[in-house]
Every structure is written in C-alpha cells, then in structure tokens.
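Starting off with a structure, shown below.
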Amino acid sequence: MAVLDTTRSATVSFGLVGRFGATLGSIAAALVEWNDARVTRNTLGALSDRELEDIGLCRGDIELVAEGRKGY
C-alpha cells in the first residue's frame, strides 16, 4: 500500500491562473487517491482468504479498506 504525504505549504494565488492551478492540483490529488485505492484493492484482492484472515480482514472488507472508510 502506498503512502502519500499531502502536506503542502500555504501559498495564496489570485486570479485566473491561481484558480487554474488549484483546479489542476485538485485533479492531481483525486487521481493519486483513486490510484492508491486501486492498488490497495488489487493487492488485497490477490491475497487468499487465509492470508486475509491472518491480517484480520475478509473479502467484504477490501472495499472499505481501499476507500479508507472506518469499520473494518
């Protein structure tokens, strides 16, 4: 599973260029988040039921873990 540090320094931009940059940043963050969930889903999906049980999960928990939701 990948870990991404999303800490960024606070910079303030105004105008069209700033809004465009913020939009591109949001799109990039969404793509990174989607890819991390995809990789996690694929990795956990490749494990056997026994291996999942060893780490305290079942097949039904894979989606919850991939999306980062609590309750597993």
Side-chain angles (χ1 to χ4, degrees):
M1 289 179 251
V3 176
L4 177 67
D5 183 9
T6 58
T7 306
R8 298 181 183 165
S9 62
T11 58
V12 178
S13 285
F14 297 101
L16 181 60
V17 173
R19 287 185 297 216
F20 183 70
T23 301
L24 284 179
S26 296
I27 291 169
L31 285 172
V32 167
E33 185 177 329
W34 168 81
N35 190 54
D36 286 347
R38 181 188 65 82
V39 168
T40 300
R41 199 175 295 114
N42 289 343
T43 302
L44 290 175
L47 297 177
S48 69
D49 289 339
R50 173 71 179 150
E51 291 169 324
L52 286 170
E53 185 179 332
D54 284 345
I55 60 174
L57 298 175
C58 67
R59 293 244 171 247
D61 295 332
I62 291 175
E63 188 62 32
L64 294 174
V65 172
E67 296 299 326
R69 290 185 255 155
K70 303 284 186 213
Y72 53 87

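Since this is a predicted model, take the numbers as computed values, not measurements.
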- Linked hydrophobic residues, Leu31 as query - side chain contacts closer than 4.5 Å: Ile27
- Only counting residues at least two apart or in another chain, list the ones meeting side chain to side chain contact (heavy atoms under 4.5 Å, CB included) with Asn35. Arg38, Val39
- Item | Residue list, side chain to side chain contact (heavy atoms under 4.5 Å, CB included) with Leu16, at least two apart or on another chain | Arg19
- Message: Clusters formed by hydrophobic residues whose side-chain heavy atoms approach within less than 4.5 Å: which one holds Leu24, and what are its other members?
- Response: Phe20
- Contacts of type side chain to side chain contact (heavy atoms under 4.5 Å, CB included), residue Glu51, not counting sequence neighbours: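 Testing Glu51 for side chain to side chain contact (heavy atoms under 4.5 Å, CB included), a comparison that skips the adjacent residues, returns Leu47, Ser48.
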- Query: Considering residues at least two apart in sequence or located in another chain, which fulfil the side chain to side chain contact (heavy atoms under 4.5 Å, CB included) criterion with Arg59?
  - Reply: Asp49, Leu52, Ile62
- Mind listing the closest non-hydrogen atom pair of Ala37 and Ala66 along with its distance? CB-O, 3.3 Å
- Message: Would you compute the distance between atom CG of Leu44 and atom CG of Leu64 and round it to the nearest 0.5 angstrom?
- Response: 11.5 Å
